[in-house]
Peer 1: 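Once you've had a glance at the structure underneath, I'll fire off some questions.
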Amino acid sequence: MAQIPIQTIHRDPQLFYWILIPITIVMILTGVLRHYATVLMATPPKKQELAAIREQRSLLRGINLRMNGNTVSHASFNARRDYLVTAYEEGAFLKEPEKKGQAAPNPMTDPAAMDGMMGMMKGNMMMMIPQTLIMGWINTFFSGFVVIRLPFPLTIKFKSMLQAGVATRDMDPQWMSSISWYVLCIFGLQSVFNYLLGSDNSASQTAQQMGQMGPGAGANMFGPGQDPDKQFQAEAENLAVQAHHYVLDGVEDRLLKSLKV
């Protein structure tokens with residue numbers, strides 16, 4: 001069986017030192033600067049009021065009872081369910097009981113929502129500005145260079161991803177251009193940033209994007225424009241129709257049955 005010949009490209013060895021290493025170093029330094037700039041620009045979280053914390057934790061208590069109620073006895077579950085359903089329907093846990101039944105306020109007038117939007121804008125700026133500058137720098141000085149050959153074979157589908165900026169039809173997909181190396185550094189330097197800055201860092205663009213998909217997740221269960229009273233009423237209905245099955249019912253008989261030979 002005939003073997004496929006290995007494609008050889010004669011390249012200047014200095015390309016490794018003047019293109020590959022500088023791009024990698026610039027990407028690492030940019031990530032470190034992005035991390036410290038994000039830390040400096042981050043707005044410290046405001047201290048929540050006791051009534052707001054009580055409102056959030058009360059709803060979470062009902063959700064936990066509904067999800068894990070099978071671990072308590074029937075009497076204990078019924079007592080807790082009756083207490084929570086009554087309190088939810090009466091609005092006993094609301095931060096502002098006098099506003100029960102009123103329309104939800106405009107989220108644009110909520111200072112907490114505005115702070116969250118400003119935080120997202122700052123995060124987007126910290127990603128877009130360095131990425132635009134580095135991409136322009138690479139396109140200006142390093143566009144069209146083939147810098148490295150991967151040590152494993154690839155299919156033709158990887159050609160457009162690994163050879164960006166190199167308009168060749170017959171080049172083997174194992175060869176990588178300088179622009180593709182930059183894109184690879186964006187997604188492949190997370191372990192380096194974890195080593196330099198710790199696991200909870202703001203250097204990685206992918207980590208920032210994941211964080212912006214759910215900003216403040218878990219910190220505030222009632223998002224902008226949501227009515228807490230409606231959420232309490234919905235949870236009261238869910239608890240009222242919740243069927244309970246105690247996991248320890250008949251455990252002695254089940255244990256003896258499993259031990260029978």
Side-chain angles (χ1 to χ4, degrees), residues 42-117 119-120 123 194 198-201 206-261:
T43 303
K46 294 183 178 180
K47 186 177 180 180
Q48 289 186 325
E49 299 178 0
L50 182 61
I53 298 176
R54 179 171 176 263
E55 184 181 58
Q56 298 173 18
R57 297 299 181 267
S58 300
L59 180 61
L60 186 62
R61 181 182 177 185
I63 296 175
N64 289 335
L65 178 63
R66 179 163 49 87
M67 300 298 295
N68 306 308
N70 293 336
T71 58
V72 297
S73 63
H74 294 286
S76 178
F77 177 82
N78 291 333
R80 299 181 187 186
R81 179 179 60 182
D82 294 341
Y83 167 73
L84 289 176
V85 168
T86 304
Y88 287 167
E89 292 177 347
E90 296 177 353
F93 298 129
L94 291 175
K95 180 178 68 173
E96 298 174 338
E98 65 277 3
K99 294 184 179 181
K100 180 181 179 181
Q102 299 182 7
N106 187 358
M108 298 302 295
T109 61
D110 187 5
M114 295 299 296
D115 292 341
M117 294 174 61
M120 292 182 61
N194 290 342
S199 58
D200 188 16
N201 64 80
T206 55
Q208 285 193 354
Q209 292 171 357
M210 292 297 294
Q212 290 175 9
M213 290 176 63
N220 189 0
M221 299 183 64
F222 305 108
Q226 294 183 355
D227 187 2
D229 183 57
K230 292 183 178 180
Q231 290 188 309
F232 278 127
Q233 297 298 332
E235 187 60 32
E237 294 180 2
N238 294 333
L239 282 174
V241 300
Q242 178 72 21
H244 181 256
H245 172 69
Y246 189 32
V247 294
L248 295 182
D249 281 343
V251 64
E252 300 90 350
D253 297 336
R254 283 182 282 156
L255 179 60
L256 293 175
K257 184 178 180 179
S258 63
L259 295 177
K260 286 182 180 180
V261 180

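For the single chain, residues carry numbers from 1 onward in sequence order. Remember, predicted model here, so these are calculated numbers, not experimental data.
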Peer 1: Determine, stepwise, if the pair I63 / M67 fulfils side-chain contact (heavy atoms from CB on, under 4.5 Å).
Peer 2: CA-CA 6 Å; I63 296 175; M67 300 298 295; 4.1 Å; yes
Peer 1: How long is the gap from CG on D229 to NZ on K95, to the nearest 0.5 Å?
Peer 2: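 Answer rounded to 0.5 Å: 13.5 Å.
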Peer 1: Can you tell me how far apart OG1 (T86) and CZ (R81) are? Round to the nearest 0.5 Å.
Peer 2: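 Reported value, rounded in 0.5 Å steps: 11.0 Å.
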Peer 1: For Y88 and L59, work out which heavy atoms get closest and say how close.
Peer 2: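 That closest heavy-atom pairing would be OH-CA, 3.7 Å.
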Peer 1: Between OG of S58 and CD1 of I53, what distance do you get to the nearest 0.5 Å?
Peer 2: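 CD1 of I53 is found 11.0 Å from OG of S58.
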Peer 1: Please output the side-chain donor-acceptor pairs of residues 234-249 that fall under 3.5 Å, not counting sequence neighbours, one pair per line with the distance.
Peer 2:
| residue | atom | partner | partner atom | Å |
| --- | --- | --- | --- | --- |
| E235 | OE1 | R66 | NH2 | 3.0 |
| E235 | OE2 | R66 | NE | 2.8 |
| E235 | OE2 | R66 | NH2 | 3.4 |
| N238 | ND2 | A234 | O | 3.2 |
| H244 | ND1 | H74 | ND1 | 2.9 |
| H244 | NE2 | G69 | O | 2.9 |
| H244 | NE2 | V72 | O | 3.1 |
| D249 | OD2 | H74 | NE2 | 2.9 |

Peer 1: Among pairs that include at least one residue of residues 83-92, which meet salt bridge (charged side-chain N to carboxylate O under 4.0 Å, His left out), considering only residues two or more places apart or in two chains?
Peer 2: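 The answer is none; no pair qualifies.
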Peer 1: For G198, is there any backbone N or O sitting under 3.5 Å from a side-chain donor or acceptor partner on N201?
Peer 2: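 Yes.
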Peer 1: Going by distance alone, is a donor N or O of one side chain under 3.5 Å from an acceptor N or O of the other, for R61 and N64?
Peer 2: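 Short answer, no.
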Peer 1: Going by side chain to side chain donor-acceptor pair (under 3.5 Å), name the residues that satisfy it together with R80, two or more places apart in sequence or in a different chain.
Peer 2: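 Here the qualifying residues are S76.
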Peer 1: Which distance, rounded to the nearest 0.5 Å, do you find between the CG of L65 and the OG1 of T71?
Peer 2: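 Result: 8.5 Å between the selected atoms.
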